[in-house]
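Report on the structure given below.
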Amino acid sequence: KNEVEQSPQNLTAQEGEFITINCSYSVGISALHWLQQHPGGGIVSLFMLSSGKKKHGRLIATINIQEKHSSLHITASHPRDSAVYICAVTSGGGADGLTFGKGTHLIIQP
Amino acid sequence: DGGITQSPKYLFRKEGQNVTLSCEQNLNHDAMYWYRQDPGQGLRLIYYSQIVNDFQKGDIAEGYSVSREKKESFPLTVTSAQKNPTAFYLCASSIGIAQWRDTIYFGEGSWLTVV
């Protein structure tokens with residue numbers, strides 16, 4: 001089973017700062033998901049990627065398949081970005097193939 | 001709006017009781033999942049279903065049961081056999097189970113506390 005490590009576990013930053021959250025995994029994958037869990041508990045899918053880079057608004061996700069590493073960047077961070085960000089990977093197969101990281105708890109202070 | 005609805009949001013259970021968590025989706029998705037989230041741990045898969053009247057155990061199925069009588073509904077029962085049921089439970093769905101290709105959608109979750 002894949003092992004997923006996220007860093008940092010906790011991150012506090014000031015509004016406007018550039019944020020980077022990292023995800024490393026141990027076994028080759030087919031796809032990687034970045035998820036956002038807001039304070040109420042619900043989870044939203046931000047990105048699903050298998051190579052390269054994706055951008056959505058102020059969020060950018062990159063993946064390096066050779067290095068087994070992905071990063072999630074937030075530009076011009078805002079207090080509403082405060083949430084837990086979760087990385088999940090799959091090596092293919094069925095519904096039991098997703099392995100989740102423990103999450104990065106991000107707080108953006110005004 | 002399409003989405004996943006979980007209920008109740010908060011539930012308290014006495015020792016020895018069974019409780020059922022509801023999950024309904026109107027996304028017309030075939031695949032549905034139940035995950036458990038504990039503090040400091042990643043989500044863990046309890047059960048999943050690829051199609052009506054079919055479901056499979058995940059990594060931590062002991063003490064739980066599910067049914068899939070309708071495409072839209074995938075209720076989870078936490079039985080008295082579950083030794084440590086206090087946790088946050090998330091229901092999810094996707095078009096299919098190819099998680100290397102299909103985006104997964106989550107509900108708002110249900111907090112279960114044993115008192």
Atom pairs and distances, side-chain donor-acceptor, residues 103-110 of chain A, under 3.5 Å, sequence neighbours left out:
unit_1   : atom_1 : unit_2  : atom_2 : d
A:Thr104 : OG1    : A:Gln6  : NE2    : 3.3
A:Thr104 : OG1    : A:Pro8  : O      : 2.7
A:Gln109 : OE1    : A:Gln14 : NE2    : 2.9

Based on non-hydrogen pairs under 4.5 Å, which of B:Ser110, B:Gly40, B:Gly109, B:Ala92 is most in contact with chain A? B:Gly40
Quick one: what part of B:Leu90 sits under 4.5 Å from any heavy atom of chain A, side chain, backbone, both or neither? side chain
Heavy-atom proximity to chain A below 4.5 Å, by part of B:Gln6: neither
Donor-acceptor pair, B:Ser73 side chain versus B:Lys70 backbone, under 3.5 Å? no
Examine the side chains of A:Asn2 and A:Ser26 and answer whether a donor and an acceptor come within less than 3.5 Å of each other. yes
Sidechain N-carboxylate O distance under 4.0 Å for B:Asp54, B:Arg68: no
Measure distances from A:Leu32 to the heavy atoms of chain B and classify the residue's part below 4.5 Å as side chain, backbone, both or neither. neither
Taking ILVMFWY side chains as joined if any heavy atoms are under 4.5 angstrom apart, and letting links pass through other members, which residues group with B:Leu112? B:Leu11, B:Val19, B:Leu21, B:Met32, B:Trp34, B:Ile46, B:Tyr47, B:Phe55, B:Ile60, B:Tyr64, B:Val66, B:Phe74, B:Leu76, B:Val78, B:Tyr89
Contacting moiety of A:Ile86, where chain B heavy atoms sit under 4.5 Å: side chain
